[in-house]
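Have a look at the structure below, then the notes.
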Amino acid sequence: MPRRFSIPAPGDFVLRRDYCSYGYFLLWPNHWSVADEVVTRALALPGGPAVVRIAQPTEGRREKAGRPLAIEASRTLDRRDAAEVRARLTRMLRLDEPAERIGEFHGVDPRHQRSGRGRLMRSPTLFEDLIKTVTSCNVQWPSTVVMNRRLCEVAGDRAADEGPVTHTFPSAERLARTRPGTLRARCRVGYRDARIVDLSRRFAGEEGARLAGWMEDPATPDDALWEALLELPGIGPYAAANVMQLLGRYHRLPLDTESLRHGRAVLGMKGTDRALMKRLHAHYAPFGPHAFRSYWFELWDFYESKHGPSWTWHRDTTGTQFTASKLSV
DNA sequence: GGTAGACCTGGACGC
DNA sequence: GCGTCCAGGTCTACC
């Protein structure tokens, strides 16, 4: 199998817009090159770790939408490795979400029809999404950035000696056997240490794979999934709602203090935090199964009004600025 | 069922 | 340079 190959993209897909659509694109082991619009990402593959670069060349055409993705790996990939790369990137970029579903969202919320926004970037695995969500709770964004970088450097597998990404994201198995004290001291995760280890134990091995498969299955009932997520250590109502949207279920809203800021500053809402939460839920309820996308892209538009298009944000500068206090109007 | 306080880190601020 | 305060969501004990 060559080190270079391509992956077809849905007709509406634009790499820079759809990859730079959720904050996790700024977290290790992800890297977006603003200058050449290339994603660099380390992946754990059956044959060992590798770094992959993802671009969407236009081959002279002006229009990027729907052009295939060009993949370049740091080493030769065998058939199993290449299949795994396709599967992980399909999840991360939501390449299997039909363009019709994005059109459905634009029908419900036409504000985003012109930009074409609708796809939301996520992690290559549910486990990474869970840990990233836990590291984003009760902490300001710069600390989330630090935690994810150190988790990769301390517990990830080395995939390259240099470049913007050197390590994979740690596996559930690896974190399950890491001492909480190590995570606290070396990864700066604080009191999340034991919760991360406990969470990792649930997603390690074959049993963990079965649990992840059940959670990823679109046939799993929403309420059962919600209850199962709340059972996980470190996952409360906010985190569970966030993981629900990461699983493609957009009707629940992960509202936090950033949502309150948005409600007051952008939507002109007034009242106590509790009252505002109710108003925010009511505000987005008309968007039904697309409520989160309406909320999120409204928020994203605000961020872009402050910092320019998201594909011009640098991971290590602009990408550390996203906290409610720094975004206050 | 609702609420208060602890948990931990890093940044801001005052001295 | 040091100490204090604060932001942030989850968890537990208590009413």
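Here is the naming used below: chain letters follow the sequence lines, and residue numbers restart at 1 for every chain. Quantities reported herein were computed from a predicted structural model and do not represent experimental measurements.
The distance from atom CG of A:L255 to atom P of C:dG8 is 14 Å, rounded to the nearest whole Å. As a whole-Å value, the separation of A:R261 CZ from C:dG9 P is 13 Å. As rounded to whole Å, 16 Å separates atom C1' of B:dT3 from atom CE of A:M277. If you measure from atom CG of A:D193 to atom C1' of B:dT9, you get 12 Å, rounded to the nearest angstrom. Between the CZ atom of A:R192 and the P atom of B:dG10 there is a distance of 10 Å, given to the nearest Å. Atom P of nucleotide B:dT9 and atom CZ of A:R150 are separated by 11 Å, given to the nearest angstrom. Spacing between atom CD of A:Q140 and atom C1' of B:dT9 amounts to 10 Å, rounded to whole angstrom units. One atom, CD1 of A:I196, and another, C1' of C:dG9, lie 14 Å apart when rounded to the nearest Å.
Looking at residues two or more places apart in sequence or on another chain, you find a side-chain contact (heavy atoms from CB on, under 4.5 Å) between A:N242 and A:Y22, A:Y24, A:T133, A:Q245, A:L246, A:P254. With sequence neighbours excluded, no residue forms a side-chain hydrogen bond (donor to acceptor under 3.5 Å, both in side chains) with A:E227. Every residue meeting the side-chain contact (heavy atoms from CB on, under 4.5 Å) condition with A:R88, not counting sequence neighbours, appears here in chain and number order: A:L43, A:E84, A:R91, A:P124, A:T125.
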Short N/O separations, protein against nucleotides 10-14 of chain C, under 3.5 angstrom:
from   : atom 1 : to     : atom 2 : distance (Å)
C:dT10 : OP1    : A:G236 : N      : 3.0
C:dT10 : OP1    : A:G236 : O      : 3.4
C:dT10 : OP1    : A:Y238 : N      : 3.4
C:dT10 : OP1    : A:A239 : N      : 2.8
C:dT10 : OP2    : A:Y238 : N      : 3.3
C:dC11 : OP1    : A:G234 : N      : 2.4
C:dC11 : OP1    : A:I235 : N      : 3.4
C:dC11 : OP2    : A:I235 : O      : 3.3

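Residue pairs meeting the side chain to side chain donor-acceptor pair (under 3.5 Å) criterion with at least one partner in residues 178-196 of chain A, sequence neighbours excluded, are A:N138-A:Y191, A:R184-A:D193.
If you check every strand for non-hydrogen atoms under 4.0 Å, A:D256 touches sugar and phosphate atoms only.
The existence of a salt bridge linking A:D301 and A:R117 is excluded, since no basic side-chain nitrogen approaches an acidic carboxylate oxygen closer than 4.0 Å. Electrostatic pairing of A:R252 and A:D223 counts as a salt bridge here, judged by a charged N lying under 4.0 Å from a carboxylate O. In summary, A:R293 and A:D109 do not engage in a salt bridge, as defined by a charged side-chain N under 4.0 Å from a carboxylate O. Salt bridge annotation for A:R122-A:E97: absent, with no cationic side-chain nitrogen under 4.0 angstrom from a carboxylate oxygen. A salt bridge does not link A:E153 with A:R150: none of the charged nitrogens is closer than 4.0 Å to a carboxylate oxygen.
Contact check, A:R188 against B:dC8: no side-chain N or O comes under 4.0 Å of OP1 or OP2. At B:dT3, one or more side-chain N or O atoms of A:R274 fall inside 4.0 Å of OP1 or OP2 (strictly under the cut-off). Dashed line: the shortest gap from a side-chain N or O of A:T257 to OP1 or OP2 of C:dG9 is under 4.0 Å.
Comparing the start and finish of the helix from B:dG1-C:dC15 to B:dC15-C:dG1, five pairs each, the helix axis swings through 40°, to the nearest 10 degrees.
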